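Worksheet: one structure, shown below.
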There are 2 protein chains.
Amino acid sequence: MKKKIVRIKDIAEKAQTSKGTVDRVLHNRGRVADDVRERILKIIEELNYEPNFIAQSLKSQRTFNLVALIPDPHVDPYWEAPKAGLEKAEKELRQYGIYISQLIFNPHEVTSFIAKAEEATKENPDGVLIAPIFYKEVLPFFKEWATKDIPYVLFNTQIEHVDPLCYIGQDSFQSGELAAKIICFGLQSPGSILVAHINEDISNSAHLITKEEGFRNYFARKAEREKFRIVTKEINFSEGTSLDMQLDQILTDEPQLSAVYVTNSKAFEIASYLERKGLNDIKLVGYDLLKPNLDYLDKEIISFLINQNPLGQGYWGIHQLANHLVFKKEIQPIKFLPLDIITKENLDYYLDPE
Amino acid sequence: MKKKIVRIKDIAEKAQTSKGTVDRVLHNRGRVADDVRERILKIIEELNYEPNFIAQSLKSQRTFNLVALIPDPHVDPYWEAPKAGLEKAEKELRQYGIYISQLIFNPHEVTSFIAKAEEATKENPDGVLIAPIFYKEVLPFFKEWATKDIPYVLFNTQIEHVDPLCYIGQDSFQSGELAAKIICFGLQSPGSILVAHINEDISNSAHLITKEEGFRNYFARKAEREKFRIVTKEINFSEGTSLDMQLDQILTDEPQLSAVYVTNSKAFEIASYLERKGLNDIKLVGYDLLKPNLDYLDKEIISFLINQNPLGQGYWGIHQLANHLVFKKEIQPIKFLPLDIITKENLDYYLDPE
DNA sequence: AAATTAGGTGTGTTCGAGCACGTTTTGAAA
DNA sequence: TTTCAAAACGTGCTCGAACACACCTAATTT
């Protein structure tokens, strides 16, 4: 019933040699006669030896200094969650010698990002976790880290044609499809649907475009395009025209508006407008469990939120690095996190996991 | 930047004593002069020493034999997932000396359950994970385990007025409310809604009743009762009348039927009927990612499934026992798992977690 | 006064893996 | 045959915590 743990010593005894030799075989350190190596390998196979990583990590005492490059949560509160996630992971993994230094940059200033990325490189870390929101600017750093053999994990924003240890985040296309499905389920009568990109520099946000593609693809596949008219708007109100004016205009153009899909975490802006104007029948779907979003979810002005699990992104990002560095596990190049559908009724269970 | 790990030896040196003495203080083993004890405690506080559990568990070599009492997956495939979950946990925790013996009982035979529960008791395990689907019969065992100081974790079915280490599962009431919310979102026009308990002994399944209460509560709160007529039916077709006959009857009584809520994992039975009869407009919501359910989810005959995360129940159940026994962590008496809303579009991410 | 006991305290070994270093063997050159 | 380096292999210490055991001292019993 109780399986005995197989130790290096056991292998050595069975192979009539010493643990030093077995150790050399295990770590390919050479200096072992071929016949002995063969014999030992066979026995390892036989007993299916698995290294005791408790003993391993006790011994190795090695510390790993990781760097996390994330946008400033004070500028955009969305980033609080990934930060919390990586801190949670750090706490769990400190035992295994994982240390993280956080480098926080301003998501609206490229120079700030570059400065921090340079700082990260200078630290010569054992691994990097990064939210690569500046596409063009991050590429040279990826190159440099690659030559220095520093593994880096991407999260939040997927970037093609680079070679990270892995990407953690959501499948944006699928995410758009999911939003479409939900809205479609809630709409019986025809009408128009607004896809809103709010306060976002679209040219630098490929994932928002991908979401929209997924969204439109759903309706295209359903061949219900005739029934629903889908219009896209970029809404920016930091400078110039106000939100209300822009939305007023949209409603004038689309009097039949029956649903709004907000592609980032700013659904509360639309919700505020709908509440003030008393437009209770317009379905609203957005992203992320930010405080203002949750308020409107509770009032049922926002119908559903899709959770990107930003905490999980930070948490798993660090864990993937640890799995690679400490536990030498094989890492899948992509880890898609679930597309959680959140409504007032199941919200609680997603708020602070674990 | 790098925090040094504080060891027992460090404390000993600072207190001008030996690690043996510090050890006695740490474990309250007595035989330490009062002044020395005070001094050591203060230093422990100061350096905020945290035991290195890697070294701890390497040394202690203690093994923990757990027992898992679960229904036979061959009788009801629902139980495959918890089984897989606890096996996953076992794999992760074997390093820490956790062993599990599975005792599988027939969920339709009380005697089988009692026999296995007795067997479990005889093994004198260090902890028990149990799906207590037989309410009355399980109570004496809880009592016995309590006197023997064997911690037990409940999952799937919550039982009041007993004192488990913790309960893992869902909030059934909330689960019912969630289902109501989804259905309500999808229905604009009036009609009647069927709550179906399929092939289940209701008298012994309190959680199904609770789900229905939550479901009805949602509509009651909304005061939309006038708009929607909610009817409950127990549908059993293992003996006597067939499923089709019973559903035909229901449809005759309720020609306006616009949605069905199945309280357990048997939604596919209704789906099969709806498909055969070509009733595409009836919304169907049920539970659990069983193969037949998934097929109908893919065909969009089932609109949404609520995931009880049965794999997670097994997984976390074992982990809670380990947290208690091995890591001496404080355990929350209830761990509600998220009420995941699953549809065709986000299904993939819930299928094999991790 | 000698013997015993209880109260304190320090030392040394163990867990399994990793690695430095020391030792033996081998084969080829002197 | 002797010499010597490279190859092959074994020994022993280390990581931090746990615990058995040995040790010392002072108080109590005979």
Side-chain angles (χ1 to χ4, degrees), chain A residues 2-41 43-44 47-64 93-98 325-328, chain B residues 2-41 43-44 47-64 93-98 325-328:
Chain A
K2 293 181 197 178
K3 276 173 282 181
K4 263 252 196 83
I5 284 181
V6 181
R7 301 159 303 167
I8 287 187
K9 205 181 156 195
D10 299 322
I11 299 168
E13 274 166 17
K14 197 150 190 180
Q16 308 192 75
T17 173
S18 74
K19 66 200 189 83
T21 306
V22 176
D23 179 74
R24 275 181 287 266
V25 172
L26 280 168
H27 296 84
N28 291 313
R29 263 192 274 245
R31 311 211 148 231
V32 177
D34 283 354
D35 58 328
V36 180
R37 141 179 271 102
E38 296 288 311
R39 200 168 66 223
I40 290 178
L41 282 174
I43 292 177
I44 287 175
L47 305 182
N48 69 80
Y49 166 78
E50 284 189 22
N52 179 335
F53 81 69
I54 294 178
Q56 233 167 12
S57 56
L58 173 62
K59 180 71 224 308
S60 76
Q61 287 305 97
R62 205 194 136 177
T63 62
F64 298 90
L93 295 168
R94 218 181 21 218
Q95 297 269 10
Y96 300 99
I98 298 278
L325 295 168
V326 184
F327 307 114
K328 317 270 182 220
Chain B
K2 293 182 194 175
K3 277 172 282 181
K4 263 249 194 82
I5 284 183
V6 182
R7 302 159 302 168
I8 286 187
K9 204 182 157 196
D10 299 321
I11 298 168
E13 274 166 18
K14 197 150 191 179
Q16 307 192 73
T17 174
S18 73
K19 62 200 187 85
T21 306
V22 176
D23 180 75
R24 276 182 286 265
V25 172
L26 280 168
H27 297 84
N28 293 313
R29 263 189 273 241
R31 312 208 149 230
V32 178
D34 282 355
D35 57 328
V36 180
R37 143 181 269 100
E38 296 288 310
R39 201 168 68 223
I40 291 177
L41 282 174
I43 292 176
I44 288 176
L47 305 181
N48 68 79
Y49 167 78
E50 283 189 22
N52 179 335
F53 83 67
I54 293 178
Q56 236 169 12
S57 56
L58 173 61
K59 180 69 224 308
S60 76
Q61 290 301 99
R62 213 202 125 168
T63 61
F64 298 90
L93 295 167
R94 217 183 18 219
Q95 298 268 10
Y96 300 98
I98 297 279
L325 295 168
V326 183
F327 307 114
K328 317 272 183 220

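Just so we're clear, the structure is a prediction, and the values are computed from it rather than from any experiment. Residue numbering restarts at 1 for every chain, and letters A, B, ... go by the order of the sequence lines.
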Candidate nucleotides dG16(C), dG16(D), dC9(D), ranked by approach to the side chain of R7(A) - the nearest: dG16(C)
Test side chain to side chain contact (heavy atoms under 4.5 Å, CB included) applied to E38(B) and D35(B), step by step: CA-CA 5 Å; E38(B) 296 288 310; D35(B) 57 328; 5.7 Å; no
Is the distance from OP1 or OP2 of dA17(D) to the nearest side-chain N or O of Y49(B) less than 4.0 Å? yes
Of I8(A), L41(A), T21(A), I40(A), the residue whose pairing with L26(A) passes side chain to side chain contact (heavy atoms under 4.5 Å, CB included): I8(A)
Rounded interatomic separation in angstrom, taking CD from Q16(A) and C1' from dA8(D): 16 Å
Is the shortest side-chain N/O distance from T17(A) to OP1 or OP2 of dG10(D) below 4.0 Å? yes
Apply side chain to side chain contact (heavy atoms under 4.5 Å, CB included) to the pair N28(B) and R37(B), showing each step before the final yes or no. CA-CA 10 Å; N28(B) 293 313; R37(B) 143 181 269 100; 4.1 Å; yes
Rounded to whole angstroms, how far apart are CD1 on I8(A) and C1' on dG12(D)? 15 Å
Does the pair T17(B) and V22(B) meet the rule for a side chain to side chain contact (heavy atoms under 4.5 Å, CB included), with working shown? CA-CA 8 Å; T17(B) 174; V22(B) 176; 4.3 Å; yes
Can you tell me the distance, in whole Å, between the CD1 atom of I11(A) and the C1' atom of dG16(C)? 11 Å
Considering every strand and a 4.0 Å limit on heavy-atom distances, what is the contact class for T21(A): base, sugar-phosphate, or nothing? sugar-phosphate
Using only side-chain N and O atoms of R31(A), determine if any of them is under 4.0 Å from OP1 or OP2 of dA6(D). no
Between dC21(D) (P) and D23(B) (CG): distance, integer Å: 15 Å
Want to settle it: does D34(B) or A55(B) sit nearer the 5' end of DNA chain C, counting the closest nucleotide to each? D34(B)
Could you state the interatomic distance from CD (Q16(B)) to CZ (R39(B)), rounded to the nearest 0.5 Å? 6.5 Å
Mark yes or no for a side-chain to base donor-acceptor pair under 3.5 Å between K59(A) and dG16(D), with no hydrogen or angle criteria applied. no
Please report the distance, rounded to the nearest Å, between CD1 in I5(B) and P in dG16(D). 7 Å
When rounded to whole Å, the CD to C1' distance for the pair Q56(A) and dC15(C) reads 14 Å
Rounded to the Å, how far apart are E50(B) CD and dG16(D) C1'? 14 Å
Any side-chain N or O of H27(A) under 4.0 Å from OP1/OP2 of dG18(C)? yes
Assess whether side chain to side chain contact (heavy atoms under 4.5 Å, CB included) is satisfied between Y49(A) and I43(A), documenting all intermediate values. CA-CA 9 Å; Y49(A) 166 78; I43(A) 292 177; over 6 Å; no
Taking any heavy-atom pair under 4.0 Å as a contact, classify L58(B): base, sugar-phosphate, or nothing. base
Could you work out which one of dG8(C), dA7(D), dG16(D) sits closest to the side chain of N52(B)? dG16(D)
To the nearest angstrom, the CG-P distance between L26(B) and dG16(D) comes to 15 Å
Nearest-nucleotide comparison on DNA chain D, the residue closer to the 5′ end among K19(A) and P51(B): K19(A)
On the side chain of R24(A), is there an atom forming a donor-acceptor pair with the base of dG10(D) - under 3.5 Å, no angle test? yes
Comparing V36(A) with S60(A), nearest DNA chain D nucleotide closer to 5' gives the residue V36(A)
